[in-house]
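So the structure is just underneath, and the comments pick up after that.
Excluded from the calculations below are hydrogen atoms, water molecules and symmetry mates; all remaining heavy atoms, backbone and side chain alike, are included.
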Amino acid sequence: MSVFAERRARLRALLAEGELSALVISHLPNVRYLTGYVGSNAIAVIGPDGERVLTDSRYAVSAREQVDDEVDLVIGPGDLTADLARAVAAIAPGGRVGLEAAYTSMARGAQLTARIAEADAGIEVTPEVGRVEGLRLIKDEDEIGAIVRAADMVDVALAEVLAEGLVGRAERDVAFALQAGLFRIGAEGPSFEIIVAAGPNGAKPHAVPGSRVIGEGELVVIDLGAIADGYCSDMTRTVPTGQLPEALARAYDLCAQAQRAALDAVHPGVTCAELDAVARDLIGAAGLGDAFGHGLGHGVGLEIHEAPRVSREGTETLRPGMVVTIEPGIYLEGLGGVRIEDLVVVTDDGARVLSHSPKAAISSTTV
Ligand code: ZN
Ligand code: ZN
């Protein structure tokens, strides 16, 4: 049984529990996870009584290579809705069929529901959330292998660019060099738009690299990720360019300490909210709680941001095989920012850290 067939078997068992006759999977990373399909236009219909992937002629050749024989592959027009209605009528007549509500707009949902009703197969359509994402939470060995390769690429690309020095270069030039490096060493691409934010720009957690030239005595936040075999990596390093103002040096030390504490706290059985609190409480106790507005981290896999959410609201409990980031940040408006992010796999006895780029050692106590 292929890895995809095995995943679909687990999904079918979940559907039976939820008394669903089929799930319509329109979120492309979920389609890829379950069938191997890679492309921009596909819907999978998975049920106990049938499995289909619908796509269009642009993907006829690649989909035949990617999708295993147990799945019926339907090559139709670019608008997949007519084929979808036929597929659910064939697989789940008279049954309940779930739509992925988190990825289906109200307009699209209404359109699909109307087309399914036209098929006149007595099908009830119901919104469903998180079925496939629940399976994707725990990565298998091959998935972790791909994420490790993506993480290694980021380490290499960053080292190459830092070796050339940062001072005197525009943020945008550094971002471009990082991206070129990722492609050169075999990445399928960056896993998100690379962030290079120097000086006061570092106080914006999702700053867009601009023409600002990096100066001395600043913090430079560099956040980048690669894609390898479809899987993402994610890492942030904050690099000082010389002697820092006291406030920035203190913020860096505190962030590094909070990040270390959170890494040490990664363990099966810990909830995502508890893990978030480890870093947040440390930063809060130092009086900088308001400067750490975002969550501690997020899951990473086929998507750069996926379950579980590692935040104050994070309800998932860590389990071996989950891949998450640990990325506290402290942002001081007008001055600069610091974020330190590692990618980790939860293991039976803690965390395996996949990010190996060195972290700057700054001691604010000497200032
Ligand atoms: Zn990141
Ligand atoms: Zn991240």
Side-chain angles (χ1 to χ4, degrees), residues 1-15 20 22-88 90-92 97-105 108 112 115-116 128-147 149-150 187-189 191 227-232 299-307:
M1 194 189 268
S2 77
V3 63
F4 303 111
E6 187 265 329
R7 291 169 183 171
R8 294 195 304 272
R10 281 192 286 140
L11 176 65
R12 289 197 306 270
L14 278 177
L15 297 181
L20 282 175
L23 184 63
V24 174
I25 297 133
S26 50
H27 187 49
L28 289 168
N30 287 346
V31 175
R32 179 173 186 160
Y33 180 79
L34 292 168
T35 71
Y37 170 90
V38 183
S40 68
N41 189 34
I43 297 177
V45 182
I46 307 293
D49 298 324
E51 302 178 323
R52 281 191 198 182
V53 168
L54 322 171
T55 186
D56 68 71
S57 61
R58 292 170 300 166
Y59 298 106
V61 174
S62 56
R64 271 186 216 110
E65 291 167 359
Q66 291 155 354
V67 177
D68 55 89
D69 295 340
E70 291 161 50
V71 178
D72 296 325
L73 188 61
V74 179
I75 309 295
D79 179 351
L80 305 175
T81 51
D83 282 332
L84 174 64
R86 276 191 284 276
V88 292
I91 291 173
V97 171
L99 292 188
E100 290 191 302
Y103 304 102
T104 307
S105 69
R108 179 80 171 146
L112 295 180
R115 291 308 290 264
I116 290 169
E128 281 293 320
V129 174
R131 295 270 178 195
V132 185
E133 291 79 353
L135 298 177
R136 285 171 52 197
L137 270 175
I138 307 296
K139 273 67 179 174
D140 66 29
E141 249 173 62
D142 286 348
E143 293 182 286
I144 291 172
I147 295 169
R149 286 193 290 284
E188 287 160 25
S191 54
I227 303 173
D229 298 324
Y231 283 80
C232 299
V300 174
L302 285 169
E303 293 175 274
I304 184 62
H305 293 123
E306 58 179 57

Once side chain to side chain donor-acceptor pair (under 3.5 Å) is applied, do any residues pair with Glu128, and if so which ones, sequence neighbours excluded?
Arg131
Decide side-chain contact (heavy atoms from CB on, under 4.5 Å) for Val71 and Phe4; before the verdict, give the C-alpha distance in whole Å, the side-chain angles of both, and the deciding distance to 0.1 Å.
CA-CA 10 Å; Val71 178; Phe4 303 111; over 6 Å; no
Contacts of type side chain to side chain contact (heavy atoms under 4.5 Å, CB included), residue Ser62, not counting sequence neighbours:
Tyr59, Gln66
Please report the interatomic distance CG(Leu15) to CZ(Arg8), rounded to the nearest 0.5 Å.
12.5 Å
NZ/NE/NH1/NH2 to OD/OE distance under 4.0 Å, Glu306 and Lys139:
yes
Going through the checks in order, is the side-chain contact (heavy atoms from CB on, under 4.5 Å) test met by Tyr33 and Glu303?
CA-CA 11 Å; Tyr33 180 79; Glu303 293 175 274; over 6 Å; no
Taking only Lys NZ, Arg NE, NH1 and NH2, and the carboxylate oxygens of Asp or Glu, determine whether Arg136 and Glu143 approach each other closer than 4.0 Å.
no
Find out whether Asp229 and Arg149 are in side-chain contact, i.e. whether some heavy atom of one side chain is under 4.5 Å from a heavy atom of the other.
yes
How far apart are the closest heavy atoms of Gly301 and Ile147, and which atoms are they?
CA-CD1, 4.2 Å
What residues, two or more places apart in sequence or in another chain, satisfy salt bridge (Lys or Arg N to Asp or Glu O under 4.0 Å) together with Arg64?
none
Heavy-atom side-chain proximity of Leu302 to Tyr231 below 4.5 angstrom
yes
Between Glu100 (side chain) and Ser26 (backbone), is there a donor-acceptor pair under 3.5 Å?
yes
How would you list, by chain and number, every residue that makes a side chain to side chain donor-acceptor pair (under 3.5 Å) with Asp72, sequence neighbours excluded?
none
Any side-chain heavy-atom pair of Leu23 and Leu14 under 4.5 Å:
no
When every non-hydrogen atom of Leu20 is compared with those of Pro48, the smallest separation belongs to O-CD, 4.5 Å
Applying side chain to side chain donor-acceptor pair (under 3.5 Å) to Thr55 and not counting sequence neighbours gives Tyr37
Which value, rounded to the nearest 0.5 Å, describes the distance between Thr81 atom OG1 and Leu54 atom CG?
10.0 Å
When Ile43 is tested against each of Val31, Asp83, Val24, Ile25 for side-chain contact (heavy atoms from CB on, under 4.5 Å), which residue passes?
Val24
Atom pair CG (Leu99) and CD1 (Ile116), whose distance is rounded to the nearest 0.5 Å:
5.5 Å
To the closest 0.5 Å, what do you measure between OG1 (Thr35) and CG (Asp68)?
8.0 Å
Distance check, rounded to the nearest 0.5 Å: Asp79 atom CG versus Asp56 atom CG?
10.5 Å
Nearest 0.5 Å, please: how far is CZ in Arg12 from CG in Leu34?
10.5 Å
Across all chains, not counting sequence neighbours, the side chain to side chain donor-acceptor pair (under 3.5 Å) partners of Asp142 are none
